[in-house]
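Please read all numbers here as calculations on a predicted model, not as lab measurements. The chains referred to below are lettered A, B, ... by the order of the sequence lines, with proteins before strands, and numbering in each begins at 1.
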There are 2 protein chains.
Amino acid sequence: MARIKTDDKNLSRKDVIVTKAASLFREKGFKAASMRDLAEAVGVEAASLYNHIKSKTELLHDLCFNVANRFMHKIDEIEAEPISAIEKIEKLLRFHITEMIEHYEEVYVSDREWKHLEDPYLSNFQNQRRLYRKRFAAIIEAGIGQKEVKEIDAPTAVLIMLHAITGIESWHRSTQKISAEALEDNMITILVGGLTNR
Amino acid sequence: MARIKTDDKNLSRKDVIVTKAASLFREKGFKAASMRDLAEAVGVEAASLYNHIKSKTELLHDLCFNVANRFMHKIDEIEAEPISAIEKIEKLLRFHITEMIEHYEEVYVSDREWKHLEDPYLSNFQNQRRLYRKRFAAIIEAGIGQKEVKEIDAPTAVLIMLHAITGIESWHRSTQKISAEALEDNMITILVGGLTNR
DNA sequence: AATTGTTGCTAACATACGTTAGTTAATTAT
DNA sequence: ATAATTAACTAACGTATGTTAGCAACAATT
């Protein structure tokens, strides 16, 4: 009888399932990925998954909120630091970029598939998202007040920054990748360069 | 018996269906949007749709290639113009932005749901996409050669530009929108500003 | 008015999906 | 070694989905 290999390392069987789910949801999309697909990826029968999880949406829920929490904690941290607005923006962007490089599939799924969450989690997630963008915009506004940042519409700048970073998706799948460090530096050059005054 | 209203204006009944499909696919995603949903939006029974279309994927196919063709024609046009690289980049970006503002749902669906195309259309679409990005990158490379553009990795810059523009999705749904013109100018300021040398 | 093609309807089929029930095997604790 | 718990399996249910067949109502043409 095929058991789920946890590869030791404190991983619960659920963790294994969630990780495989991230990969599958990224590849096919949440709706198009079936529990039978997931079972096959895990190496087990579909029904067996339900010894470890409550439902398919629970998987999406876990993925989305894990990611959201990491970003929320980071922005808490950065807001509290005694540095300039531009430095805060750069730090936040670098965090987004490394998250996208290192936890590609989870971050991607969280970003693209959250629509398929069900209330009350859906509203909850949307609220967190809105709040996060407001806080990011507030940092940019502060930078504009300080004349560090060009006089642009802050919410628009936030959209650009956040969406630009999802472009890393294509980097991941591209055949001739530049290094992760080069990618990060290029992105910062363009994005921070686009905001900075002079 | 409920007929599909074409609102005169040379619209075929299929055009009406494709347009409603764009809206529905945008809202729910291709897989999650059912033909029965679409039928309801059109005001007809699900089976009746098949008097006008061949299949659900044909709808996606039409949407994706309509959009792809528009962008391909535009880049043909811009490449041929005797203007500087930066001007070409700005023109191309402005085209992307207005397309995203005016044909929001089609462009969005084409961008996010093409994965659900089936071969040979899938490969075809992917090839067009790759080619388009290569041509865009080549314009940026030319700009770098001319010292108009910062020394950055051109493919990375393309990713940033293209993904940044999909951020207009959020602008569309936001409650307190700035004007379309202001949006466009802000985006150009940030994006072109991020590329330009000095 | 009769005819012909178009567009709608109802009914249904086959398939795929998420999930549950009940049972057996494997692991852990006593 | 035995008992208890965990995790796998097979089978199946109910529902939703894309699509087809066959027929009725409408519109356009003669």
May I ask you to verify if any side-chain N or O of [X] is less than 4.0 angstrom from the OP1 or OP2 atom of [N]?
X: Ser34(B); N: dA16(D); answer: no
X: Arg13(B); N: dT6(C); answer: no
X: Ser48(B); N: dC9(C); answer: yes
X: His52(A); N: dA8(D); answer: yes

With the side chain of Lys56(B) defined as its heavy atoms from C-beta on, choose the nearest nucleotide among dC17(C), dT7(C), dT19(D).
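Nucleotide nearest to Lys56(B)'s side chain: dT19(D).
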Between [atom2] of [N] and [atom1] of [X], the distance in whole Å:
X: Asn51(B); N: dA25(D); atom1: CG; atom2: P; result: 16 Å
X: Tyr50(B); N: dT17(D); atom1: OH; atom2: P; result: 12 Å
X: Met35(A); N: dC9(D); atom1: CE; atom2: P; result: 14 Å
X: Ile17(B); N: dG8(C); atom1: CD1; atom2: P; result: 7 Å

Ala32(A) or Glu45(B): which one's nearest nucleotide on DNA chain C is closer to the 5' end?
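The residue mapped nearer the 5' terminus is Glu45(B).
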Relative to the 5' end of DNA chain C, which residue comes earlier, Val44(B) or Thr57(A), by the nucleotide with the nearest heavy atom?
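Per heavy-atom nearest nucleotide, the more 5' residue is Val44(B).
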As a test of understanding, state which of Glu169(A), Glu106(A), Glu113(A), Glu105(A) forms a salt bridge (charged side-chain N to carboxylate O under 4.0 Å, His left out) with Arg26(A).
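Only one option passes, and that is Glu105(A).
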